[in-house]
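I have placed the structure first, in the form of structure tokens, so that the comments after it can refer back to it.
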Amino acid sequence: MRKLFPLYFLLLSLPTMLFADIVYQGKRVESWPEEARPKFNNSSIDKPSFLLSRTDASQTKSHYAAPKGKIYSLTLLVDFSDKPAPVTVSDIEEWLNKEGFNRDGCNGSVRDYYLDVSNGQLDLTNEVFGWYRAKHPKSWYESLKDYTGSDSLMKEVFAYFDPQVDFSRYDNDKDGTTEAINIVYAGAGETWGQGLWPHSGWSNEKRDGVRLTHHQMTDMPGKFSIYVFVHESGHMIFGWPDLYWYGDYCTMGNRAHDLNPVAINDFYRADQGWIPFVDVTSNDVSLEITKPNEVCYRYKNPARPEKEGLVWSYVRNKGRNQVLKGSGLLMQHYDFSIEGNTAERGLGLKIVNADHADISHTNKNDQWPNPGSKASAFFKSGTYSEFSDEKYPAITWYNGSKTGLKITDIGTPGETLTFCIGGNCPAQESSSSSIASPTSSSSTEISSSSSSAAVISSSSSTPKPESSSTVEMKIEKIAFDVALQLDNNYGYATLDLNGEDIAKILGISQSEIADKVKFYGVEPDGTLNSRTTGEGTGHWFDKDGKIVAWDVNGTSMIYSNVDLSTMTTKIGHMPNKVKAGDSFTIRQAIVYENKQVTFEITVTIQERTTRISNIRSSRRGTPGNMIFNVLGKPVGKRTESGDMPDLPKGVYVEYDYSFFTPSP
């Protein structure tokens, strides 16, 4: 017991959250119970998943809530007579939303963090109201038993802001419940598990026709940091549990850094669809080359494929993960039948340490701040270059049976990391990331869908001299024209890539394409690039058609995310980077044996228009929008309050100026 007392008093003396809490019906819980787990209506969202083995792709439904695109979050500010507001509303808005926010050393805003870890797929935008002066001093709420003080303040804050706020705006998926309501209070949290200690909570409040089920409280002592808000949002929005006995390898684990929180672990990120899963079986033999932030490999327990498995990915101690003490393959063992990480029920997600070291989840000293992070947790060349049942007999499925997984020849961490799945891998292809461009071509027309025009041409080329292969590549090109509307939320158009025609060119059936082909982006000079920078089998391109990483402040302009199973692609643009009339040409390709099919897609940006056939139902809209008749002649515009001009019955077209933003 002697060792526990100093730690205990240290916890009580620190001003902000160390253990992050989930509070349900006034009680601390390690994870949300099933009836209270956050949900998001994402049935239309496809999450990429690929198989190394030649079997049908498994379902990719998220285990946790998985919102995409712009999510509106409400933040309500409250201060006290004994703890007045230490910063302004504008300060809070920047802390939560401003790109590149760096006050007090923060690495970006809360919005920046989630844009980073989601690869641009989640834009968490907070709308801020306040400050409200609470009815009682802060000390009054802090002195109440358990979380009754925070419950009292929560109800008080909701009631005060009700006349000012339309809470239904924060029901992003329109399922009758809000996703993200935050209460930020002046001053620091004081006592863990009591009063106003930062936490993610639950309520039965109902306002503006929606239930305000999930909310979170974060303290604002006057100095900015983003960890607490980021962590509690993980509980509130996605339903992620606290990862006790896990370490620094995820923001839902230890509090590794306040100003630059560690990224969400790659297993949770792949579950969201932010990076793809690559499913592996015991029959696979494959030499893999991977990059950080690229994919998450998944090996399911054959006896419990929907519940248990091993996952691994290349994690490098740079960027959001720079606080970690090592780089390499980081392996995790998951079991969805164990909710959360508790001493009583075991660990739903744990690190498989390369140095064989395991921790006891019954030892409170290993809950926090141990185990932290360590270089020897990562698999890499040298001492820990292989994983197998023989090398790691203690790593088994939770029923005690062997895993059957074998990974060998793990390389040295760098820009990329290589490893072999299954053992006895073939030699690495010297031309795996680039193939020569064609030298000549001729073209003939093929049939196309009504939404795009397609032209196919053919050519042949021999590989570049550095390639070990001497097989001549037969290259076919299919050209498409796509009209894309202006959109401020990564909206997309779906393009049919003529899978039946492509299958004929490749000499395989359309159902075999996803399993048999290799997928590439094509640089403007024709070089094939194996690096995917979009969602799943997708790419971001700059204005010249070069493949680039997603970056709201960079050169990324157009994305194309291909689904090989349906041979369609979703094409969209970066918000606030394009204007009506802009045109871009991008290229992607699939390769099978010595045959290559290149998709050349010309994307033209159009104005955002809406067809109006019922004036009564379209009476209110965006102020200032121009209204045209069917012949394209302007007939009026909406008033400053958004009312339609006085027009006779008929069909009109409305041009939405809120989507028109000039290119930088």
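The shortest heavy-atom contact between C420 and D409 is CB-OD2, 3.9 Å. Taking every heavy atom of both residues into account, V117 and R269 meet most closely at O-NE, 2.7 Å. Across all their heavy atoms, I547 and E523 have their closest contact at N-OE1, 3.3 Å. Smallest separation of non-hydrogen atoms from I601 and Q588: CD1-OE1, 4.5 Å. R304 and D335 make their closest contact through NH1-OD2, 2.9 Å (heavy atoms, listed as atom of the first residue, atom of the second, distance). Closest approach of V280 to Y297, counting heavy atoms only: CG2-CD2, 4.1 Å.
The closest side-chain heavy-atom distance from M252 to H235 is below 4.5 Å. A 4.5 Å side-chain heavy-atom check between W312 and V352 finds every atom pair outside the cut-off. A 4.5 Å side-chain heavy-atom check between D242 and H231 finds at least one atom pair inside the cut-off. No side-chain heavy atom of L495 sits under 4.5 Å from any side-chain heavy atom of F599. When side chains are defined from C-beta on, V315 does not count as touching Y249, because their heavy atoms never get closer than 4.5 Å. Under the 4.5 Å side-chain criterion, counting only non-hydrogen atoms from C-beta, E512 is not in contact with L506. With a 4.5 Å cut-off on side-chain heavy atoms, V522 and L528 count as touching. The closest side-chain heavy-atom distance from H539 to I586 is not below 4.5 Å.
Atoms OH and CG, on Y227 and N254 in that order, are 7.5 Å from each other to the nearest 0.5 Å. Atom NE2 of H573 is separated from atom NZ of K577 by 11.5 Å, given to the nearest 0.5 angstrom. Considering OG1 of T403 and CG of N301, their distance stands at 9.0 Å, rounded to 0.5 Å. Distance check: Y384 OH to F379 CZ gives 9.5 Å after rounding to the nearest 0.5 Å. Atom CG of residue D279 and atom CZ of residue R298 lie 4.0 Å apart, to the nearest 0.5 angstrom. With rounding to the nearest 0.5 angstrom, the CD atom of Q510 is 9.5 Å from the OG atom of S565.
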Review point. Could you walk me through whether D123 and R111 pass the side chain to side chain contact (heavy atoms under 4.5 Å, CB included) check?
Key: CA-CA 6 Å; D123 186 354; R111 177 171 177 256; 2.5 Å; yes
Practice item. For Y114 and F238, run ring-ring contact (aromatic ring centres under 6.0 Å, His included): C-alpha distance rounded to whole Å, both residues' side-chain angles, the deciding distance at 0.1 Å, then the answer. Key: CA-CA 12 Å; Y114 276 108; F238 310 99; 5.7 Å; yes
Check your understanding: H257 and D248: side chain to side chain donor-acceptor pair (under 3.5 Å), yes or no, with the steps?
Key -> CA-CA 9 Å; H257 205 287; D248 290 348; over 6 Å; no
Point to revise | Criterion ring-ring contact (aromatic ring centres under 6.0 Å, His included) on F541 and F584, from CA distance to verdict | key: CA-CA 9 Å; F541 300 86; F584 309 88; over 10 Å; no
Practice item. Please lay out, stage by stage, how W240 and Y246 fare under the test ring-ring contact (aromatic ring centres under 6.0 Å, His included). Key: CA-CA 13 Å; W240 295 324; Y246 179 89; over 10 Å; no
**Study point:** Intermediate values then yes/no, side chain to side chain donor-acceptor pair (under 3.5 Å), S556 and D551
**Key:** CA-CA 6 Å; S556 51; D551 186 349; over 6 Å; no
**Study point:** side chain to side chain contact (heavy atoms under 4.5 Å, CB included) evaluation trace for K406 with T408
**Key:** CA-CA 7 Å; K406 187 172 186 179; T408 63; 3.8 Å; yes
Practice item. Just do the side chain to side chain contact (heavy atoms under 4.5 Å, CB included) check on Y268 and Q332 with the steps written out, would you? Key: CA-CA 11 Å; Y268 284 0; Q332 303 175 75; over 6 Å; no
Exercise for review: Please test R320 against T251 for side chain to side chain contact (heavy atoms under 4.5 Å, CB included), starting from the C-alpha separation and ending with a verdict.
Suggested key: CA-CA 10 Å; R320 291 290 176 192; T251 280; over 6 Å; no
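Under the 3.5 Å distance criterion, the side-chain polar atoms of N119 are left unmatched by any main-chain donor or acceptor of I275. Not one N or O on the side chain of N353 forms a donor-acceptor pair closer than 3.5 Å with the backbone of D355. Between the side chain of Y113 and the backbone N or O of N260 there is no donor-acceptor pair closer than 3.5 Å. Looking at K380, its side chain does come within 3.5 Å of a backbone N or O of A375 through a donor-acceptor pair. Between the side chain of S373 and the main chain of K325, a donor-acceptor pair closer than 3.5 Å is present. In this structure, E232 contributes its side chain and S200 its backbone to a donor-acceptor pair below 3.5 Å. Side-chain N or O atoms of E476 include none that pairs as donor or acceptor with a backbone N or O of I505 at under 3.5 Å. Using a distance-only test at 3.5 Å, with no hydrogens or angles considered, no donor-acceptor pair links the side chain of S286 to the main chain of I421. The backbone N or O of P276 sits nowhere less than 3.5 Å from a side-chain atom of E294 that would complete a donor-acceptor pair. Judged by distance alone, the side chain of N321 and the main-chain N or O of A263 form a donor-acceptor pair under 3.5 Å.
In this view, D112 satisfies the salt bridge (charged side-chain N to carboxylate O under 4.0 Å, His left out) rule with no residue, not counting sequence neighbours. Residues forming a side-chain hydrogen bond (donor to acceptor under 3.5 Å, both in side chains) with S327 (at least two apart in sequence, or on another chain): N317.
F267 and Y334 have parallel rings, their planes meeting at less than 30° on a 0 to 90° scale where 60° marks the start of perpendicular. The aromatic rings of H333 and W397 sit perpendicular to each other, their planes meeting at more than 60°, with 30° as the lower class boundary. Using a 30° and 60° split on the angle between ring planes, F336 and H63 fall in the parallel class, below 30°. Note on ring orientation: taking the six-membered ring where Trp is involved, the planes of H356 and Y392 are parallel (angle under 30°, cut-offs 30° and 60°).
A salt bridge does not link E593 to K516: none of the charged side-chain nitrogens sits closer than 4.0 Å to a carboxylate oxygen. The pair R316-E415 counts as a salt bridge, with a side-chain nitrogen and a carboxylate oxygen less than 4.0 angstrom apart.
At most 12 non-hydrogen atoms from other residues, nucleotides or ligands lie less than 6.0 angstrom from NZ of K546. No more than 12 heavy atoms of other residues, nucleotides or ligands sit less than 6.0 Å from atom CD of E500.
Between E600 and T598, the side chains place no donor N or O within less than 3.5 Å of an acceptor N or O (distance only, hydrogens not considered). In the model, T568 has no side-chain atom that pairs as donor or acceptor with a side-chain atom of T494 under 3.5 Å. Side-chain contact annotation: T125 with K70, donor-acceptor N/O pair under 3.5 Å present.
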